[in-house]
Amino acid sequence: MIKQEMHPAMQGIVPASLVTCSKNGEPNTTTISQVFYVDDNHIALSFQFFNKTIRNVRENPNASVQIMHPATFETWSLDIEFQESKTEGDIFDQMDMQLEAIASMSGMSGIFKLHAADIYKVKTVERVAY
Amino acid sequence: MTQQELHDFMSAKCFAIMMGSRNADLQPSMQRAFGVMLSDDGSNISAFLPKALSNKVLVNLNTNGRAAITVGNPNTHQTLQFKGQYISSHDSTEADMQEVYQNLGGFGEFVGNVFGEEALNYMKNFNIFPMITVTFKVEDIFDQTPRPGTGQKIN
């Protein structure tokens, strides 16, 4: 489902955008610094400090994330479903390392802290035709 | 945040803008906007979206009316999220398009500086016209600038 051509859009060079929805139907949008490729059907999002997002996906697992290729600005919209949160292990460690690099690159060193790696199943992928 | 501070923020005209909505099954969806304008009294906000890509958001808004829009200044990282109730939409007017062109100019300058001329040329070739203007009533504003403790309601 996640194609090779999409991988550069998950390097954290261009921030991604995430929308979630509370169980009461209130959408919430936020910018996220890290969309991490887990496998062709799963991604992980960094749980840093977006508390409303964390609350929303635990009461309504549906979310949508938009990622952008840093060289061509090709854009993909992924409908995703929250599955689990990891606070240790390979995925967490790799994300923690990548997040430090992203923070350094964007002048945000010392601000980003990975609390958890939230794993999402990818339900659909749609290329946004700008 | 005072009204003056809010209008100062909005005057930057260099924003990454994302609009969120959701369907009847609580599946959220997102649409990038290419300009945004806050009314003088701060009660309404309008976003300018590519018409050809906005069918889903319009269906959602006409069904349940709930909207959220994140407005982020990439130069300062300062980011606000506006939430509220959909009011109306219309084909973007010439005055609306002036807002779009100003934001594209400001955001384009940022893209050129950070990502280079080639990336800027890709952006200039985006097929985003014609546009529609979507307006909703602002109920809440949240600070979403990336930092610990972010997400606080500020209005």
Side-chain angles (χ1 to χ4, degrees), chain A residues 13-33 48-57 59-75 77-81 102-103 105-108 110-113 115 123-124 126 128-130, chain B residues 16-32 34 50 52-53 56-57 60-61 63-72 74 77 79 81-84 111 114-116 118-128 139-140 142 144-153:
Chain A
I13 299 170
V14 179
S17 298
L18 178 71
V19 58
T20 60
C21 180
S22 72
K23 65 182 178 187
N24 298 324
E26 198 68 35
N28 188 78
T29 53
T30 188
T31 303
I32 54 173
S33 43
Q48 294 163 243
F49 30 60
F50 42 106
N51 297 332
K52 185 68 180 174
T53 296
I54 299 304
R55 228 174 10 250
N56 280 354
V57 298
E59 60 186 38
N60 169 23
N62 299 314
S64 184
V65 65
Q66 203 164 95
I67 58 174
M68 189 176 257
H69 193 293
T72 65
F73 287 169
E74 275 185 286
T75 302
S77 185
L78 287 65
D79 281 355
I80 55 179
E81 182 180 317
I102 293 169
M105 189 174 63
S106 54
M108 308 286 274
I111 295 175
F112 293 167
K113 175 174 170 49
H115 294 291
K123 297 191 295 185
T124 64
E126 182 183 355
V128 182
Y130 289 129
Chain B
I17 309 155
M18 297 300 298
M19 184 162 193
S21 62
R22 57 90 176 171
N23 68 13
D25 297 323
L26 302 187
Q27 171 64 53
S29 65
M30 182 173 292
Q31 174 62 55
R32 182 176 293 275
F34 290 86
L53 299 174
K56 193 185 285 184
V57 68
N60 288 348
L61 292 175
T63 303
N64 61 70
R66 301 310 295 168
I69 185 164
T70 297
V71 181
H77 302 296
T79 305
Q81 181 183 200
F82 300 81
K83 290 190 179 185
V111 166
V114 173
F115 296 99
E118 191 178 2
L120 179 59
N121 287 332
Y122 277 114
M123 197 191 96
K124 284 180 176 173
N125 287 326
F126 276 179
N127 182 21
I128 56 175
E139 295 173 356
D140 294 309
F142 298 88
Q144 287 195 175
T145 306
R147 59 188 169 203
T150 194
Q152 300 301 308
K153 188 175 165 183

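In what follows, chains are A, B, ... by sequence order, proteins preceding strands, each numbered from 1. Everything quoted here is computed from the prediction, not taken from an experiment.
- The backbone N or O of A:Thr29 lies less than 3.5 Å from a partner atom in the side chain of B:Gln144, making a donor-acceptor pair.
- Expressed to the nearest 0.5 Å, how far CG of A:Leu78 lies from CE of B:Met30 amounts to 11.0 Å.
- Both the backbone and the side chain of A:Asn28 have a heavy atom closer than 4.5 Å to some heavy atom of chain B.
- With a 4.5 Å cut-off on non-hydrogen atoms, A:Ser22 touches chain B through its backbone but not through its side chain.
- Residue contact with chain B, scored on non-hydrogen atoms closer than 4.5 Å, involves the backbone of A:Lys23 exclusively.
- Not a single donor-acceptor pair under 3.5 Å links the side chain of B:Glu118 to the backbone N or O of A:Ala71.
- Looking at A:Thr72 and B:Tyr122, their side chains come closer than 4.5 Å, going by heavy atoms from C-beta outward.
- The distance from the CG atom of B:Asn125 to the OH atom of A:Tyr130 is 15.0 Å, given to the nearest 0.5 Å.
- Rounded to the nearest 0.5 angstrom, A:Thr31 OG1 and B:His77 NE2 are separated by 11.0 Å.
- Taking the side chain as every heavy atom from C-beta outward, B:Val111 and A:Phe73 approach each other to under 4.5 Å.
- B:Leu26 touches chain A through backbone and side chain together, each having a heavy atom under 4.5 Å away.
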Verdict with supporting geometry, B:Arg32 and A:Met68, side-chain contact (heavy atoms from CB on, under 4.5 Å)
CA-CA 11 Å; B:Arg32 182 176 293 275; A:Met68 189 176 257; 3.9 Å; yes
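- In the model, B:Gln81 has no side-chain atom that pairs as donor or acceptor with a side-chain atom of A:Lys52 under 3.5 Å.
- Side-chain atoms of B:Arg22 never come within 3.5 Å of backbone atoms of A:Pro27 as a donor-acceptor pair (strictly under, hydrogens ignored).
- Proximity to chain B is limited to the side chain of A:Val128, based on heavy atoms less than 4.5 angstrom apart.
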